[in-house]
Amino acid sequence: MLIQYLLLACFGAVMLGLLRHRRSLRSVATRRLLLMLVTGAGIAAVLQPGLTTDAAHLVGVGRGADLVLYLLAASSVFVWAGTHLRLRQYDEQVVLLARRVAIAEALARRGTVTAAPAAGPAVSLPEPRAAVHETARPVSS
Amino acid sequence: MTEADVAVVVPAYNEAPVVGDVVRDLRRVFANVICVDDGSHDATALRAEAAGADVVRHPFNLGAGAALRTGIEYALHAPATRYIVTFDADGQHAVDDALAMVQVLRRGEVDVVLGSRFLEPAAPIPAGRRVLLRAALRYSNATTGVRLTDVHNGLRAMTADAARALDFALPGMAYASELTRLLGRRGLRYVEHPVTVRYTAYSRGKGQPAINSVNILFDLVNHRVFGTK
């Protein structure tokens, strides 16, 4: 049936997108267009309930409700894939940012890193960021 | 002996009871000890600094791999740094081993020296951990094309250029496998060096729980399928 080809094409597109994702203006625009299309179709389906049944028959599905369910499942995959990619990107950025901050603070505290030995404990210690507890609890890292 | 052109990177997470001693031990031989505090909740940073280490603090916990990268990047800021040693903060490693590995580097025949517990047959490793490590090793050797006897050993020495080339990005414990793969990919000359590891009651309690191998494997697969490198 036609619906099977369409759904498989959907999932295929998601997998391709996962493998070669580049955040671009084009992908943002595409997502927005799809969103408008979907909301438009949703509005039409609400106003004309018979539309879903007609559309379903067009692609070889028995009931309109079934078609809506299939479309919901397919679009969910897109949404989750996009979210996963974005979260992974944020993770990587957070690490880079935290590293920049840590190194910048250390350099600022000591001037430039030199090869000469540090002057021992005669360094003013920085304010601890959070409450520092003297008792160490053995926590596996 | 100050080994002024060597920077020792000690990533640390909640190691306040021992980090001071580890740093002091290192500073008998190495003038430049960089301790990366990976968002510890205890006095790790204070103790390390009091013992004479240069402390770099992550604002929150990122993982062993990220802490190592931060320390290495910080070390490379200093133009005098010609060699970098990575050294665990929990007292398992021996300073003499680190010194010997640097001396191997100075001979100029290799770019990276990797510590191995398994080169000398009489290495006392807890049985359960040995089995797990052997399995991880077989996987690593099969998938990275680099044949090592001890991939997950934190005691390594490398030239500054090799450190720049080994740009692993995984923040967690799986960084070791990525580093191993990069050894082959970047065409670096490497050699393994026998090291002794002291399993004290403290370090045994802190070691990687076996279940974490699930996480390591997951990170690795995720990186290989979706990663950028």
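Proteins come first, then strands; the chains are lettered A, B, ... in the order of their sequence lines, and each starts at number 1.
Residue Phe60(B) qualifies as enclosed at atom CZ: its count of foreign heavy atoms under 6.0 Å is above 12.
Remark: Arg164(B) pairs with Asp161(B) by the salt bridge (Lys or Arg N to Asp or Glu O under 4.0 Å) rule, at least two apart or across chains.
Scanning both residues, Ala106(A) and Val55(B), for their nearest heavy atoms gives CB-O, 3.8 Å.
Atom NE2 in His77(B) sits 5.5 Å away from atom CG in Leu107(A) (nearest 0.5 Å). The distance from the NE2 atom of His58(B) to the CD1 atom of Ile103(A) is 7.5 Å, given to the nearest 0.5 Å. Here the straight-line distance linking atom CZ of Arg99(A) with atom CD1 of Ile72(B) works out to 9.0 Å at 0.5 Å rounding.
With chain A as the partner, the residue from Ala67(B), Ala66(B), Ser40(B) showing the most heavy-atom pairs under 4.5 Å is Ala66(B).
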Donor-acceptor pairs under 3.5 Å, side chain of residues 49-61 of chain A to any protein atom, not counting sequence neighbours: which ones?
from	atom 1	to	atom 2	distance (Å)
Thr52(A)	OG1	Pro49(A)	O	3.1
His57(A)	NE2	Gly62(A)	O	3.1

Are Glu49(B) and Arg110(A) close enough, and set up right, to give a salt bridge (charged side-chain N to carboxylate O under 4.0 Å, His left out), and what steps lead you there?
-> CA-CA 12 Å; Glu49(B) 191 150 18; Arg110(A) 274 160 203 78; 2.4 Å; yes
